[in-house]
Peer 1: 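Take a look at the following structure, please.
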Amino acid sequence: MPLPAHWVPYRHLAGVVDIAGPRGDGSFSVAAAGRLFLLDRSGVVRPFARGGSGYSTAKGPEPYITVGGAAGGDAASGCSFPVNTTFAIEPSRSPGVIAINQNGTAHRFAELPTEARPNGITFDSVGRFGYRLLVSSAQQGGTTVFAVDCHGKSSTITADAPVIEGGIVVAPASFGSFGGDLIAPDEVSGRIFAVEPNGRTRLVVRSLLPSGPDIGVESAGFVPKSFGRLGMAYLADRFSRGNAHPGTNNLLRLPGSELIKAGMGPGDLLVASEGGARTIAVRCSTSCTVRQIAAGPPVAHAEGHIAFSAG
């Protein structure tokens with residue numbers, strides 16, 4: 001049976017690895033080849049944070065990004081994250097988090113332990129983690145999850161999470177018993193996990209997609225409340241030389257009309273595989289269901305998050 005939705009190339013961008021947002025003006029932050037770009041409402045991509053106090057990092061690793069700021073503040077720390085700030089993990093030098101404000105000025109925001117290998121970042125806009133940044137870090141046989149407050153102070157949520165990487169995201173409150181948890185895919189096993197604020201990890205679902213390094217589930221995003229037929233989903237497809245799925249160096253997009261036709265609704269979780277951008281939809285209430293709903297170009301090498309414009 002043919003899948004009802006399809007990712008298609010939208011904007012070519014060498015080294016594209018992640019997309020985050022939208023920001024308050026409707027634009028998205030895009031990470032590519034160690035630099036940042038903005039994708040505006042009209043589809044124009046332009047360089048961002050290129051000044052003397054701007055942002056750059058090594059091209060080789062995967063410096064995933066998120067956009068911070070929320071209506072709720074970090075009450076425990078007595079402050080809040082500024083809106084429209086992009087946060088990027090720094091995986092190649094001394095590990096940490098870089099903050100880039102809406103004007104393109106960057107600074108070192110948080111330090112992580114010297115042995116950390118950060119491989120995912122998201123912002124808790126729900127509040128179960130105290131409206132903090134959440135950063136995953138690879139370790140032998142598993143993952144450490146850090147929470148970073150608005151002063152840049154990090155603390156450990158758990159040092160015993162399973163192997164996870166890539167487009168980690170916090171679930172909306174409507175996502176069944178996993179509402180407000182950190183949702184994280186594992187490409188190696190094909191499983192999708194939830195990490196609670198107390199550090200406990202639970203299995204959400206098995207993806208039912210092919211699994212393995214550079215093949216299995218990598219990218220995730222929740223359909224927003226305001227998503228409509230004119231909305232779009234976006235996903236990075238990075239060129240990876242010598243890979244079985246070499247990628248195309250494009251931002252991919254998937255029209256809201258196709259997602260709605262496929263039965264998607266607000267609060268549903270989309271998860272795409274690294275190899276071929278094969279995409280499942282997960283819906284959780286009293287239990288969780290999984291459906292395959294989309295695929296990308298067979299050569300696609302999907303990375304980072306799935307982002308949405310409301311439409």
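Atoms considered below: every heavy atom in the structure, side chains included; atoms not considered: hydrogens, waters and symmetry mates. Predicted, not measured: the structure shown is a model, and the values here were computed from it. Position 1 is the first residue of the sequence, and the numbers go up from there.
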Peer 1: After noting the C-alpha distance and the side-chain angles of Leu254 and Leu259, does the key distance pass the side chain to side chain contact (heavy atoms under 4.5 Å, CB included) rule?
Peer 2: CA-CA 8 Å; Leu254 200 163; Leu259 284 174; 3.4 Å; yes
Peer 1: Would you check if the side chain of His301 reaches a backbone N or O of His245 as a donor-acceptor pair within less than 3.5 Å?
Peer 2: yes
Peer 1: Do side-chain atoms of Asn249 reach the backbone of Gly15 as a donor and acceptor pair under 3.5 angstrom?
Peer 2: yes
Peer 1: If the plane angle is over 60° it's perpendicular, under 30° parallel, otherwise tilted; pick one for Phe227 and Phe308.
Peer 2: perpendicular
Peer 1: When you measure from the centre of the six-membered ring of Phe37, is the NZ or CZ of Arg50 closer than 6.0 Å and no more than 45° off the axis?
Peer 2: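 Output yes; distance and angle both within limits.
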Peer 1: Would you compute the distance between atom CZ of Arg206 and atom OG of Ser189 and round it to the nearest 0.5 angstrom?
Peer 2: 7.5 Å
Peer 1: Could you please spell out the steps behind the side chain to side chain contact (heavy atoms under 4.5 Å, CB included) verdict for Leu39 and Leu13?
Peer 2: CA-CA 11 Å; Leu39 172 71; Leu13 191 58; over 6 Å; no
Peer 1: Can you tell me how far apart OH (Tyr234) and CG (Leu251) are? Round to the nearest 0.5 Å.
Peer 2: 9.0 Å
Peer 1: Given Asp268 and Arg283, is the salt bridge (charged side-chain N to carboxylate O under 4.0 Å, His left out) satisfied, shown in steps?
Peer 2: CA-CA 5 Å; Asp268 288 352; Arg283 178 173 295 175; 2.7 Å; yes
Peer 1: Hydrophobic clustering (ILVMFWY, side-chain heavy atoms < 4.5 Å, transitive) - are Phe81 and Tyr64 grouped together?
Peer 2: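 Yes.
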Peer 1: Output yes when a side-chain donor or acceptor of His305 lies under 3.5 Å from a complementary backbone atom of Ile121, and no otherwise.
Peer 2: yes
Peer 1: Quick one: CZ on Arg132 to OG on Ser154, what's the gap to the nearest 0.5 Å?
Peer 2: 10.0 Å
Peer 1: According to a hydrophobic-cluster definition based on side-chain heavy atoms being under 4.5 Å apart (Ile, Leu, Val, Met, Phe, Trp, Tyr only), do Ile19 and Phe123 belong together?
Peer 2: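 No: no chain of side-chain contacts under 4.5 Å links Ile19 to Phe123.
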Peer 1: Going by atom types alone, do Ser27 and Asp40 pair a side-chain donor with an acceptor below 3.5 Å?
Peer 2: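 No.
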Peer 1: Show the nearest heavy-atom pair for residues Phe146 and Ala116, with the distance to one decimal.
Peer 2: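 That would be CE1-CB, 4.4 Å.
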Peer 1: Which pair of non-hydrogen atoms, one from Ala307 and one from Gly21, has the smallest distance, and what is that distance?
Peer 2: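 Reported closest heavy-atom pair: CB-O, 4.4 Å.
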Peer 1: Does Gly68 offer a backbone N or O that forms a donor-acceptor pair with the side chain of Thr85 under 3.5 Å?
Peer 2: no
Peer 1: Report the distance from atom OG of Ser207 to atom CD of Gln292, rounding to the nearest 0.5 Å.
Peer 2: 8.5 Å
Peer 1: Closer than 3.5 angstrom, by distance alone: can the side chain of Glu187 be matched with the main-chain N or O of Pro213 as a donor-acceptor pair?
Peer 2: no
Peer 1: Is the shortest side-chain heavy-atom distance between Val135 and Leu112 below 4.5 Å?
Peer 2: yes
Peer 1: Is Phe222 linked to Val282 within one hydrophobic cluster, defined over Ile, Leu, Val, Met, Phe, Trp and Tyr using a side-chain heavy-atom separation of less than 4.5 Å?
Peer 2: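 Same hydrophobic cluster.
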Peer 1: Hey, can you pull the donor-acceptor pairs under 3.5 Å for the side chains in residues 161-183, sequence neighbours left out?
Peer 2:
| from | atom 1 | to | atom 2 | distance (Å) |
| --- | --- | --- | --- | --- |
| Ser177 | OG | Arg202 | NH1 | 3.4 |
| Asp181 | OD1 | Arg128 | NH1 | 2.4 |
| Asp181 | OD2 | Arg202 | NH2 | 3.0 |

Peer 1: Does Gly120 offer a backbone N or O that forms a donor-acceptor pair with the side chain of Ser136 under 3.5 Å?
Peer 2: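 Pair found, side chain donor or acceptor close to backbone of Gly120.
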Peer 1: Closer than 3.5 angstrom, by distance alone: can the side chain of Asn250 be matched with the main-chain N or O of His12 as a donor-acceptor pair?
Peer 2: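 Flag set: sc Asn250 to bb His12 pair under 3.5 Å.
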Peer 1: Please round to the nearest 0.5 Å and tell me the distance separating atom OH of Tyr131 and atom OG of Ser80.
Peer 2: 11.5 Å
Peer 1: Can you confirm if the NZ or CZ of Arg11 lies within 45° of the ring axis of Phe28 and under 6.0 Å from the centre of its six-membered ring?
Peer 2: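 No, cation not above the ring by the 6.0 Å, 45° rule.
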Peer 1: Could you walk me through whether Val271 and Val205 pass the side chain to side chain contact (heavy atoms under 4.5 Å, CB included) test, one step at a time?
Peer 2: CA-CA 11 Å; Val271 182; Val205 292; over 6 Å; no
Peer 1: I would like to know whether Asn119 and Ser137 meet side chain to side chain contact (heavy atoms under 4.5 Å, CB included); could you show each step before the answer?
Peer 2: CA-CA 5 Å; Asn119 63 2; Ser137 173; 5.5 Å; no
Peer 1: Asn103 side chain to Thr105 main-chain N or O, any donor-acceptor pair under 3.5 Å?
Peer 2: no
Peer 1: Does any non-hydrogen side-chain atom of Leu208 lie less than 4.5 Å from one of Ile280?
Peer 2: no
Peer 1: Return the CG to CG distance between Leu270 and Leu235, rounded to the nearest 0.5 Å.
Peer 2: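 One gets 10.0 Å once the value is rounded to the nearest 0.5 Å.
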Peer 1: For Asp18 and Ile65, which heavy atoms make the closest approach, and how far apart are they?
Peer 2: OD2-N, 3.0 Å
Peer 1: What closest approach, in Å, do Thr156 and Thr144 show between heavy atoms, and which atom pair accounts for it?
Peer 2: CG2-CG2, 4.0 Å
Peer 1: Check for a donor-acceptor pair, side chain of Asn84 on one end and backbone N or O of Gln102 on the other, with a separation under 3.5 Å.
Peer 2: no
Peer 1: Given the side-chain rings of Phe109 and Phe87, with only the six-membered ring counted for Trp, is the space between their centroids under 6.0 Å?
Peer 2: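 They qualify: ring centres under 6.0 Å apart.
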Peer 1: I need the full list of salt bridge (Lys or Arg N to Asp or Glu O under 4.0 Å) pairs touching residues 106-119, with sequence neighbours left out, sorted by first then second residue.
Peer 2: Arg108-Glu111
Peer 1: Can any side-chain N or O of Ser56 pair as donor or acceptor with the backbone N or O of Gly34 at less than 3.5 Å?
Peer 2: no
Peer 1: Report yes or no: do Val204 and Val290 belong to one cluster of Ile/Leu/Val/Met/Phe/Trp/Tyr joined by side chain heavy-atom distances under 4.5 Å?
Peer 2: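 Yes: a chain of side-chain contacts under 4.5 Å links Val204 to Val290.
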Peer 1: Can you give me the closest heavy-atom contact between Arg253 and Tyr10, atom names plus distance?
Peer 2: NH1-CE1, 3.1 Å
Peer 1: Between Ala33 and Ala14, what is the shortest heavy-atom contact and its length?
Peer 2: CB-O, 3.7 Å
Peer 1: Do Leu209 and Leu269 share a hydrophobic cluster (ILVMFWY, side-chain heavy atoms under 4.5 Å, transitive)?
Peer 2: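 Looking at the clustering, Leu269 is in the same group as Leu209.
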